[in-house]
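Report on the structure given below.
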Amino acid sequence: MLKMSTLFLRTLRDDPADAEVASHRLLVRAGYIRRIAAGIYSWLPLGVITLRNVENIIRQEMDQAGFQEVHFPALLPREAYETTNRWQDYGPSLFRLQDRRGADYLLGPTHEEMFTLMVKGEYSSYKDLPLSIYQIQSKYRDEARPRSGIIRGREFVMKDSYSFDIDDAGLDLSYQRHRDAYISCFNRLGMKYNIVKAVSGAMGGSKSEEFLAPCATGEDTYVLCPKCGYAANVEAMITKVPAGDPKGVPALEELDTPNTPTIDSLVTVMNKNFGGGYTAADTLKNIMLVADGKAIAVLAPGDREVDLKRLQENLRGVHELRVFEEADFAKHPKLVKGYIGPQNVKALGITLYADPRVAPGTSWITGANKKNRHARFVVNGRDFTPDAYIEAAEVREGDSCPECATEIIIDRAIEIGHIFQLGRKYADALNLSVLDQNGKSQVVTMGSYGIGVSRAVAAIAEQTSDEIGLNWPAEIAPAKVHIVATGKENLPFDTALTLGTDLEAIGISVMLDDRREASAGVKFKDAELIGNPIIVVVGKALADGNVEVRVRATGDKSEVSLANAVTAIAALLK
RNA sequence: CGGGGCGUAGCGUAGUGGCUAGCGCGCCUGCUUUGGGAGCAGGAGACCGGGAGUUCGAAUCUCCCCGCCCCGACCA
């Protein structure tokens with residue numbers, strides 16, 4: 001039983017000045033966590049219990065699914081990460097350090113290499129597969145900008161699993177098993193979440209989905225179709241636009257459009273000098289970018305910005321992407337800033353990408369590659385041909401669902417889980433292979449599955465807390481029942497202790513506010529701030545042989561006789 | 001790394017060149033109180049983020065450094 005008279009806890013009446021989001025503010029105020037440095041937090045007793053509860057639910061579900069727990073050091077030698085190139089690729093986000101001899105080490109940001117090497121060291125036959133192993137451990141990433149308390153920290157607790165299979169069919173199965181296990185986990189954690197299509201990003205690999213916990217403070221944006229349930233990270237959202245019919249479109253015509261370097265000014269001049277009814281959506285934007293030092297052009301409808309994040313995720317393998325600066329234009333004198341058109345871009349040796357909204361056969365108004373000149377009736381497939389189509393234009397609420405064409409909704413969320421099929425990237429690099437039935441060596445194919453454990457604590461706090469405090473689902477609260485004893489006599493305190501003991505005897509965890517010196521008001525405020533699901537007040541009602549039972553989430557109050565209290569409370573927790 | 005804000009006691013804060021750095025919460029002692037963050041009285045607790053400078057005099061002005069928060073860039 002957690003007795004508040006001795007619990008290492010001090011709640012704060014005021015919000016901490018450096019906390020903005022609800023989870024951060026309340027976890028600090030309620031005495032769960034304290035900040036040590038930017039993105040680095042200590043966990044106090046209440047926080048540790050809560051974090052453990054989340055961990056244990058995840059652990060149970062992993063074990064249930066037949067995955068086995070292992071544990072790696074957080075402190076790792078450089079070598080393995082050198083082999084997979086991540087010593088370089090991870091860049092400044094990697095915490096690096098040296099031992100006394102000057103040898104390089106790192107604090108693990110994720111452990112693909114270690115898992116791969118561990119399996120390589122033990123297994124060498126297809127008969128040993130499939131295998132899924134996991135760990136729950138602190139990870140370290142020197143984030144450019146830690147933020148929102150424990151939502152994005154530099155040290156955080158993560159559960160990461162890896163699956164090992166001999167072939168793609170096996171990988172599909174392992175992926176599915178993890179997906180199912182994750183669904184069980186997040187359901188038990190009492191979270192609202194969506195499973196959305198994701199891009200696998202820097203990790204490589206093919207199939208990838210994210211588990212997103214919707215909440216206003218989330219960093220991820222995703223789309224959701226209210227009709228068919230299609231869900232995708234905006235970066236992975238697919239655009240389906242029918243091809244245009246170029247028949248009957250007149251030949252390309254160049255026009256005098258003085259002083260129209262922007263889409264707005266172009267639309268104005270078009271409507272003034274070349275017939276009405278034009279909007280920005282009729283124009284074609286030519287965005288010049290530098291991708292890892294190479295110039296590329298991206299086409300998008302004039303009424304939409306190019307979403308650089310989305311573009312970069314879809315340009316596989318590009319590390320650095322930025323828009324053209326003056327110096328870049330200076331290097332490409334044939335590109336007339338403000339009047340670029342796709343008609344000659346390829347002749348300049350620049351790769352031409354088009355957003356799918358610039359569909360084959362569609363006709364556009366765009367630059368004529370001459371100062372103060374634009375062209376209309378510029379048809380995709382006739383007057384220019386993109387090298388490739390790529391999702392680049394911003395996604396908007398109301399855009400069409402790629403599955404059923406219904407208008408999609410856009411929402412924000414915290415990423416709490418990510419599952420993906422890694423394939424053979426790490427097995428190849430680290431030479432993990434097994435012998436198949438024919439005695440032939442086969443490179444193993446892998447999947448990687450993560451859950452942000454400490455982040456889940458924050459996400460649950462975000463989703464469940466209210467103005468007065470935290471409000472945990474029963475399975476993860478520090479205690480299921482928070483008993484408050486009030487008054488100055490011994491009776492309520494003795495009664496509360498007995499009730500707490502009885503509850504614990506049937507497996508219901510209890511936090512007991514047995515502080516004699518604190519006023520009832522303080523105890524109530526603390527109970528609400530701390531956020532255990534059931535609050536039982538042992539005080540005034542005792543005169544009638546009753547205790548008061550409150551439900552934190554709903555605010556419902558009722559009096560039950562002391563004799564029935566245990567069963568009544570147990571029933572509420574069902 | 002760019003932009004913005006900030007750093008005064010455990011927490012929240014006042015204090016724009018001039019007495020011993022002020023207040024609230026929390027903490028300690030005593031008395032009173034005890035169903036919604038109690039009252040009274042007394043007390044402890046601050047090298048005012050660090051360093052250098054300007055000045056008769058610096059929490060306050062200048063420069064450098066460190067740290068924190070927010071937006072962006074970045075980020076399995």
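Chain A is the first sequence line, chain B the second, and so forth, proteins listed ahead of strands; every chain is numbered from 1.
- Nucleotides B/G22 and B/A59 have their P atoms positioned 13 Å apart, rounded to a whole Å.
- Nucleotide B/A9 forms a pair with no other nucleotide shown, judged by Watson-Crick or G-U wobble geometry with both contacts under 3.5 Å.
- Per the geometry, CG belonging to A/N490 stands 16 Å off P belonging to B/U34, to the nearest Å.
- Atom P of nucleotide B/U34 and atom CD of A/E489 are separated by 10 Å, given to the nearest angstrom.
- Distance from the side chain of A/A37 is smallest for B/C68 among the nucleotides B/C70, B/C68, B/G36.
- Comparing the P positions of B/G72 and B/U20 gives an interatomic distance of 48 Å, to the nearest angstrom.
- Taking atom P in both B/G30 and B/U13, the straight-line distance is 33 Å, to the nearest Å.
- Residue A/V28 is classed as having no contact, given no heavy-atom separation below 4.0 Å to the nucleic acid.
- Within the shown strands, nothing qualifies as a pairing partner of B/C47 under the Watson-Crick or G-U definition with both distances less than 3.5 Å.
- Contacts of A/D160 with the nucleic acid, taken as non-hydrogen atoms under 4.0 Å apart, are absent.
- In this entry B/A73 has no Watson-Crick or G-U wobble partner, no candidate having both defining distances under 3.5 Å.
- Between the side chains of A/H418 and A/S208, a donor-acceptor pair is found at a separation under 3.5 Å.
- Each of A/G487 and A/A17 was matched to the nucleotide of RNA chain B holding its nearest heavy atom; the match closer to the 5' end belongs to A/A17.
- Distance check on atom P: B/G67 versus B/C31 gives 49 Å, rounded to whole Å.
- Between B/A41 and B/G15, the distance separating the two C1' atoms is 28 Å to the nearest Å.
- Look at A/R147 and you won't find any side-chain N or O under 4.0 angstrom from OP1 or OP2 of B/C70.
- One N or O on the side chain of A/S454 and one on the backbone of A/V157 form a donor-acceptor pair closer than 3.5 Å.
- A 3.5 Å limit on both hydrogen-bonding distances identifies no Watson-Crick or G-U partner for B/A21.
- Each of A/P16 and A/I451 was matched to the nucleotide of RNA chain B holding its nearest heavy atom; the match closer to the 5' end belongs to A/P16.
- Both distances falling under 3.5 Å, in either a Watson-Crick or a G-U wobble arrangement, occur for no nucleotide opposite B/G57.
- Separating the CG atom of A/L94 from the C1' atom of B/C74 is a distance of 15 Å, rounded to the nearest angstrom.
- If you check B/A52 for Watson-Crick or wobble pairing at under 3.5 angstrom, you find it paired to B/U62.
- Note on ring orientation: taking the six-membered ring where Trp is involved, the planes of A/Y182 and A/Y449 are perpendicular (angle over 60°, cut-offs 30° and 60°).
- The residue A/S93 sits apart from the nucleic acid: no heavy atom pair falls under 4.0 Å.
- At whole-Å resolution of the value, CZ in A/F8 and C1' in B/G10 are 11 Å apart.
- When distances run from any side-chain atom of A/R10 to the nucleotides B/C27, B/C75, B/G35, the shortest one goes to B/C27.
- As a whole-Å value, the separation of A/L44 CG from B/G10 P is 16 Å.
- One N or O donor and one acceptor, one from the side chain of A/R152 and one from the base of B/C75, sit under 3.5 Å apart.
- Heavy atoms of A/R515 sit nowhere under 4.0 angstrom from any nucleic acid atom.
- As judged by a 4.0 angstrom heavy-atom cut-off over every strand, A/A520 is placed among residues touching the sugar-phosphate backbone only.
- The distance from atom CD of A/E517 to atom P of B/G39 is 16 Å, rounded to the nearest whole Å.
- Aromatic pair A/Y81/A/Y90: ring centres not closer than 6.0 Å.
- A distance of about 15 Å separates the P atoms of B/G49 and B/U16, rounded to the whole Å.
- Comparing B/A73, B/C68, B/G12 by their closest approach to the side chain of A/R35 singles out B/C68.
- A search for side-chain contact (heavy atoms from CB on, under 4.5 Å) contacts involving A/A74 returns A/Q137, A/Y140, not counting sequence neighbours.
- Taking the side chain of A/K488 as heavy atoms from C-beta on, and the options B/U34, B/C74, B/C68, the nearest nucleotide is B/U34.
- Residue-level contact check: A/K309 touches the bases, meaning some heavy atom is under 4.0 Å from a base atom.
- In this structure, A/Y32 and A/W472 have tilted ring planes: the angle between them lies in the 30° to 60° band.
- For B/U34, there is no paired base (Watson-Crick or G-U wobble, both distances below 3.5 Å).
- Salt bridge A/D307/A/K309: absent, no basic N to carboxylate O contact under 4.0 Å.
- Side-chain atoms of A/R29 and base atoms of B/G10 include no donor and acceptor less than 3.5 Å apart.
- Look at the P atom in both B/G18 and B/G42: the space between them is 30 Å, to the nearest Å.
- When Watson-Crick and G-U wobble pairs are counted only if both distances are under 3.5 Å, B/U29 pairs with B/A41.
- Contact between the side-chain N/O atoms of A/Q312 and the OP1/OP2 oxygens of B/A73 is not found at any separation under 4.0 Å.
- Both tests do not hold together for A/R154 against A/F95: distance to the six-membered ring centre under 6.0 Å, angle to the ring axis within 45°.
- With distances taken from any side-chain atom of A/E143 to the nucleotides B/C68, B/G36, B/C75, the minimum falls on B/C75.
- The CG-C1' distance, from A/D14 to B/A9, rounds to 15 Å in whole Å.
- Annotation: A/Y134 is not in aromatic contact with A/F67 [ring centroid separation under 6.0 Å not met].
- One C1' atom belongs to B/G10, the other to B/G26, and the distance between them is 8 Å to the nearest Å.
- At whole-Å resolution of the value, OH in A/Y90 and C1' in B/C75 are 8 Å apart.
- Note on A/S519: a side-chain N or O is less than 4.0 Å away from OP1 or OP2 of B/A38.
- Counting any heavy atom pair closer than 4.0 Å across all strands shown, A/A485 reaches no nucleic acid atom.
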